[in-house]
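We use all heavy atoms of the structure for the numbers below, so side chains are in, but hydrogens, waters and symmetry mates are not.
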Amino acid sequence: MAYWLFKTEPQTFSIEDLASRTEQTEPWDGIRNYQARNLLRDQVRLGDLVFIYHSSCPEPGIVGIAKVVREAYPDATQFNPQSRYFDPKSEPQQPRWVQVDVKLTEMFAQTVSLKRIKAETRLQDMILVKKGSRLSIQPVTDAQWQILLSMAKRK
DNA sequence: GCCAACGTTGGC
DNA sequence: GCCAACGTTGGC
């Protein structure tokens with residue numbers, strides 16, 4: 001079982017949106033970066049746990065935890081001309097982009113802010129902290145996961 | 001809104 | 001395959 005960090009912009013899709021899903025599961029679609037795609041396709045597995053990270057907002061940081069409930073399958077938005085994620089170069093016979101399904105397992109009472117993460121000496125190796133890193137699907141080590149969990153205010 | 005740091009595109 | 005131009009991400 002592996003750990004991950006998925007970024008999302010709360011103004012587009014927030015953890016509150018994830019929490020409100022009556023279907024319980026949510027497709028994590030719209031990933032349009034090859035490195036992130038490769039991780040989703042080749043390494044993210046059923047049962048893996050994911051930190052949900054809010055970016056491009058007043059307080060960037062980790063806001064909760066989700067679980068992977070379905071492994072990679074073609075992202076439908078790439079074939080939908082109405083979607084902001086439409087990719088005219090992707091062939092239905094050979095889909096370029098994939099998505100996984102996730103289910104919320106826990107919402108933190110308080111954001112573990114990027115500011116706090118950057119201030120934690122033991123987390124300096126996180127991809128998130130590395131200057132210029134924009135990767136939206138990131139691996140998190142067991143040690144990093146435990147440290148971040150201990151920093152979270154849990155309900 | 002600014003801008004650094006990336007990633008992608010496309011001409012050559 | 002190189003690399004300039006352009007587009008995007010995301011913190012501040």
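B:dG7 atom C1' lies 15 Å from atom CG of A:Asp87, rounded to whole Å. The distance from atom CD1 of A:Ile137 to atom P of C:dG10 is 11 Å, rounded to the nearest whole Å. Between the CG atom of A:Leu135 and the C1' atom of B:dC6 there is a distance of 11 Å, rounded to whole Å. Nucleotide C:dG11 holds its P atom 15 Å from the CD1 atom of A:Ile127, rounded to whole Å. When rounded to the nearest whole Å, the span between CD of A:Gln138 and P of C:dG10 equals 9 Å. Rounded to an integer number of Å, the gap from CD of A:Glu9 to P of C:dC12 is 15 Å. For A:Asn33 and C:dG10, the CG to P distance is 9 Å, given to the nearest whole Å. Rounding to whole angstrom units, NZ of residue A:Lys131 and P of C:dC12 are separated by 12 Å.
Nearest nucleotide to the A:Lys89 side chain, out of B:dG10, C:dT8, C:dG11: B:dG10.
Residue A:Arg84 is the one, among A:Lys115 and A:Arg84, whose nearest nucleotide of DNA chain C lies closer to the 5' end (criterion: closest heavy atom).
At the heavy-atom level, A:Lys130 lies nowhere under 4.0 Å from the strands shown.
At least one side-chain nitrogen or oxygen of A:Tyr53 sits closer than 4.0 Å to the OP1 or OP2 atom of C:dG11.
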Which atom pairs, one a donor and one an acceptor, fall under 3.5 Å between side chains of residues 116-123 of chain A and the rest of the protein, sequence neighbours left out?
| from | atom 1 | to | atom 2 | distance (Å) |
| --- | --- | --- | --- | --- |
| A:Arg116 | NH1 | A:Met151 | O | 3.2 |
| A:Arg116 | NH2 | A:Met151 | O | 3.2 |
| A:Glu120 | OE2 | A:Arg122 | N | 2.9 |
| A:Glu120 | OE2 | A:Arg122 | NE | 2.9 |

Distance-only check: which donor-acceptor pairs under 3.5 Å involve side-chain atoms of residues 55-71 of chain A, not counting sequence neighbours?
| from | atom 1 | to | atom 2 | distance (Å) |
| --- | --- | --- | --- | --- |
| A:Glu71 | OE2 | A:Leu46 | N | 2.9 |

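In this structure, A:Phe51 has its ring center closer than 6.0 angstrom to the ring center of A:Trp145.
Smallest separation of non-hydrogen atoms from A:Pro139 and A:Leu39: CD-CD1, 4.1 Å.
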